[in-house]
Amino acid sequence: MIELNKLRSEKNKIASALKKRGLKEIDNELSKVIELDDQRKNLKSELDKILEESNIIAKDIGVKIKNGEKDSVDELKKRSGELKEKSKSVSEELKSIEIKLRNMLCNIPNIPDEIVPEGNSDTDNIIVSSKELKISNEIKYKPHWDLIKDFNLIDFDTGNKITGAGFPVYIEKGAKLQRALINYFLDEANSNGYSEVQPPILINEESGFGTGQLPDKEGQMYKIEDENLYMIPTAEVPITNMYRKKIIDKGTLPIKNVAYTPCFRKEAGSWGSHVRGLNRLHQFDKVEIVQIENESGSDKALEEMCNYVESLVKSLEISYRKLLLCAGDLGFTASVTYDFEVYAPGQDRWLECSSVSNFRTYQANRMNLKVRDGKNKFLANTLNGSALALPRIVAAILETHQNGNEINIPKALHKYTGFKKINL
RNA sequence: AGAGGAGUGGCAGAGUGGUCGAAUGCGGCGGUCUUGAAAACCGUUGUACCGCAAGGUACCGGGGGUUCGAAUCCCUCCUCCUCUGCCA
């Protein structure tokens with residue numbers, strides 16, 4: 001949620017930044033927000049005055065009753081009754097303005113950073129860097145869905161039977177590879193200063209609101225209707241919400257957490273013929289890193305996280321590239337996002353395997369997360385990134401390291417898999 | 001799941017209708033003393049909102065109600081503890 005004070009003082013700057021997202025009506029919308037906030041302030045003032053008088057009268061009645069001056073009390077009670085009526089109507093009005101204001105505010109996406117390029121779709125994203133490995137001419141690269149069958153690694157049909165499309169069963173060395181990757185990613189994160197947590201994978205509404213999935217992405221999350229809980233689309237939600245409604249001492253920054261969790265996404269409307277095998281699933285595994293920083297430290301934190309993610313991808317000996325997302329492709333809550341994509345030679349496609357974002361104060365404002373610096377308090381900056389999402393990494397590993405009758409496992413994983421090759 | 005008990009400031013813990021935003025202790029911060037530290041003593045110490053300020057308002061698990069007035073009474077939901085039951 002955009003900070004109201006900032007909005008009031010830097011309205012034009014914010015409006016022009018939001019226009020990069022293609023929000024043409026934003027000027028009007030922001031003016032309306034400020035207008036509502038003015039109304040809110042006036043009503044709050046009015047209400048406070050009414051309540052002040054009531055409080056004075058109530059105390060007065062108390063004193064008078066104690067002193068036995070019972071007869072003079074009736075008039076005060078009458079006045080108090082009037083004030084109560086008035087306060088009821090004013091506070092109702094105030095409440096409805098506050099709700100309107102909040103609804104408007106939480107439907108405005110985060111302000112893109114200056115470095116975020118203009119653009120409408122992923123074709124306008126900027127390739128910041130890339131490292132492409134040589135592709136052998138002697139190998140006819142197969143897509144991973146064929147390899148998975150050939151080498152007996154994942155059973156999609158049985159997943160269909162148990163649950164439905166997009167819920168694969170990992171088997172044999174496929175299952176072992178999953179576990180190896182999870183452990184490898186967790187260990188690496190640990191040794192890079194991320195403290196490991198194992199959060200719930202069901203979240204309540206307040207948590208969903210805190211990180212910005214609700215109300216914006218309501219339709220993308222699986223919901224347990226009976227309990228009013230949602231299955232997490234990413235560990236970002238439970239991890240970041242651990243710090244909801246907290247004031248963190250500046251000295252303890254940065255907070256760095258890592259968690260492995262399964263993630264659940266409905267992916268409504270995003271299925272098509274190009275989505276095969278592991279490219280898009282309803283349930284997938286991901287190791288997620290989160291940092292809480294202050295305003296001045298978050299750019300550095302983002303850079304550090306990107307470097308860390310890059311080191312992971314690099315260690316798997318696959319081609320990758322780093323993209324700076326354009327405003328049109330930027331998530332609702334993010335200020336700036338770098339995506340990492342890995343190359344899958346069997347399908348000649350780049351697959352997104354990590355998204356590293358700085359949310360600045362946007363989530364912190366929603367969840368009331370602050371940093372204390374001496375006597376001052378200010379909203380924290382939150383950041384997160386995938387490190388990494390498994391399925392597309394598996395796809396890229398299988399497709400890149402296939403070699404006829406075998407698939408080579410990247411060296412970094414040997415001690416985790418216990419095997420160096422997958423054979424027919 | 002059933003029965004009983006409980007939720008108060010960073011923590012501990014008073015307060016059961018009237019100047020209570022809340023005693024007291026611990027912790028934190030500032031100071032005196034000291035070469036320095038400890039101890040002792042003095043002061044200070046919640047959050048949000050309105051206001052240029054003075055000041056005001058709200059908050060004692062959440063929501064609602066009774067009352068001129070609620071931390072205190074009533075309803076409801078949530079959480080925790082104990083016992084019983086069930087169970088990975």
Side-chain angles (χ1 to χ4, degrees), chain A residues 1-9 33-106 198-210 214 224-230 238 241-253 255 262 292 361 363-380:
Chain A
M1 203 154 58
I2 292 179
E3 291 166 77
L4 253 175
N5 287 339
K6 229 182 229 174
L7 179 59
R8 295 185 76 101
S9 59
V33 166
I34 289 172
E35 203 180 292
L36 276 173
D37 191 43
D38 287 337
Q39 288 178 42
R40 189 196 114 251
K41 286 180 184 217
N42 287 335
L43 286 169
K44 167 75 174 153
S45 243
E46 195 184 334
L47 179 64
D48 283 358
K49 273 181 201 135
I50 295 168
L51 292 175
E52 182 182 6
E53 196 185 336
S54 303
N55 287 341
I56 291 168
I57 289 175
K59 279 179 188 168
D60 206 13
I61 290 174
V63 172
K64 287 215 157 91
I65 287 175
K66 225 175 224 168
N67 295 343
E69 306 169 41
K70 279 204 170 162
D71 16 331
S72 53
V73 160
D74 286 346
E75 195 151 327
L76 289 174
K77 283 195 181 178
K78 195 181 147 210
R79 174 65 185 153
S80 185
E82 285 166 21
L83 288 170
K84 198 172 183 182
E85 287 288 303
K86 213 164 146 195
S87 77
K88 248 182 196 164
S89 76
V90 173
S91 86
E92 260 164 44
E93 202 181 339
L94 177 61
K95 224 178 232 175
S96 94
I97 295 273
E98 279 172 344
I99 289 168
K100 255 189 224 164
L101 183 61
R102 187 180 163 88
N103 283 343
M104 284 198 81
L105 269 180
C106 71
Q198 213 179 90
I201 60 175
L202 258 51
I203 48 136
N204 59 27
E205 215 171 321
E206 218 178 333
S207 295
F209 179 83
L214 293 174
I224 317 288
E225 289 285 351
D226 286 356
E227 310 281 337
N228 210 23
L229 297 173
Y230 297 83
N241 273 286
M242 294 190 341
Y243 305 99
R244 174 153 46 99
K245 292 182 183 166
K246 285 210 171 195
I247 299 174
I248 295 166
D249 210 62
K250 192 187 168 197
T252 65
L253 297 177
I255 288 175
I292 315 283
T361 57
Q363 293 180 327
N365 194 29
R366 288 177 155 242
M367 63 173 77
N368 207 358
L369 164 57
K370 298 196 171 175
V371 173
R372 173 180 276 122
D373 183 7
K375 281 189 174 173
N376 299 319
K377 288 178 292 289
F378 41 86
L379 289 171

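In what follows, chains are A, B, ... by sequence order, proteins preceding strands, each numbered from 1. The basis for the numbers below is simple: all heavy atoms, side chains too, and nothing from hydrogens, waters or symmetry mates. These numbers were taken from a predicted model, which means no experiment stands behind them.
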Look through every strand shown and name the nucleotide pairing with [N] as Watson-Crick or G-U wobble, where both distances are under 3.5 Å.
N: B/U72; answer: none
N: B/A40; answer: B/U32
N: B/A54; answer: none
N: B/A6; answer: B/U79
N: B/U19; answer: none
N: B/C59; answer: B/G46
N: B/A1; answer: B/U84

For [N] versus [M], give the span between their [atom1] atoms, rounded off to a whole number of Å.
N: B/A14; M: B/G2; atom1: C1'; answer: 34 Å
N: B/A54; M: B/G64; atom1: P; answer: 31 Å
N: B/G10; M: B/C29; atom1: C1'; answer: 13 Å
N: B/C60; M: B/G21; atom1: P; answer: 12 Å
N: B/C33; M: B/C42; atom1: C1'; answer: 11 Å
N: B/A70; M: B/C11; atom1: P; answer: 26 Å
N: B/G43; M: B/U47; atom1: C1'; answer: 23 Å

Check this for me: does any side-chain nitrogen of one of [X] and [Y] sit under 4.0 Å from a carboxylate oxygen of the other?
X: A/D74; Y: A/K78; answer: no
X: A/R8; Y: A/D38; answer: yes
X: A/E206; Y: A/K245; answer: yes
X: A/R79; Y: A/E82; answer: yes

Have a look at [X] and say if it touches a base, only the backbone sugar-phosphate, or nothing, with a 4.0 Å heavy-atom cut-off.
X: A/K88; answer: nothing
X: A/I57; answer: nothing
X: A/I65; answer: base
X: A/R40; answer: sugar-phosphate
X: A/K246; answer: nothing

Whole angstroms only, please: what is the [atom1]-[atom2] distance between [X] and [N]?
X: A/I50; N: B/U57; atom1: CD1; atom2: P; result: 13 Å
X: A/N55; N: B/C68; atom1: CG; atom2: C1'; result: 11 Å
X: A/L229; N: B/C78; atom1: CG; atom2: P; result: 12 Å
X: A/E3; N: B/A48; atom1: CD; atom2: C1'; result: 15 Å
X: A/K41; N: B/C50; atom1: NZ; atom2: P; result: 5 Å
X: A/E206; N: B/U79; atom1: CD; atom2: C1'; result: 14 Å
X: A/K370; N: B/A48; atom1: NZ; atom2: C1'; result: 7 Å
X: A/R366; N: B/A48; atom1: CZ; atom2: P; result: 20 Å

request  = Search all heavy atoms of A/L36 against all heavy atoms of A/I97 and return the closest pair with its distance.
outcome  = O-CG2, 3.6 Å
key: Nearest-nucleotide comparison on RNA chain B, the residue closer to the 5′ end among A/I56 and A/G81   = A/I56
key: Candidates B/A48, B/U19, B/G56 - which lies nearest the side chain of A/E52   = B/G56
query = So which nucleotide from B/U19, B/U47, B/C50 ends up closest to the side chain of A/S45?
reply = B/C50
If only side-chain N and O atoms of [X] are considered, is one of them under 4.0 Å from the OP1 or OP2 phosphate oxygen of [N]?
X: A/N42; N: B/C50; result: no
X: A/K49; N: B/U57; result: no
X: A/K84; N: B/G69; result: yes
X: A/R372; N: B/U47; result: yes

request  = Identify which one of A/I203, A/L202, A/I201 satisfies the side-chain contact (heavy atoms from CB on, under 4.5 Å) criterion when paired with A/L229.
outcome  = A/L202
inquiry  = Could you tell me if A/S207 and A/N204 have a donor-acceptor pair between their side chains, going purely by distance under 3.5 Å?
reply    = yes
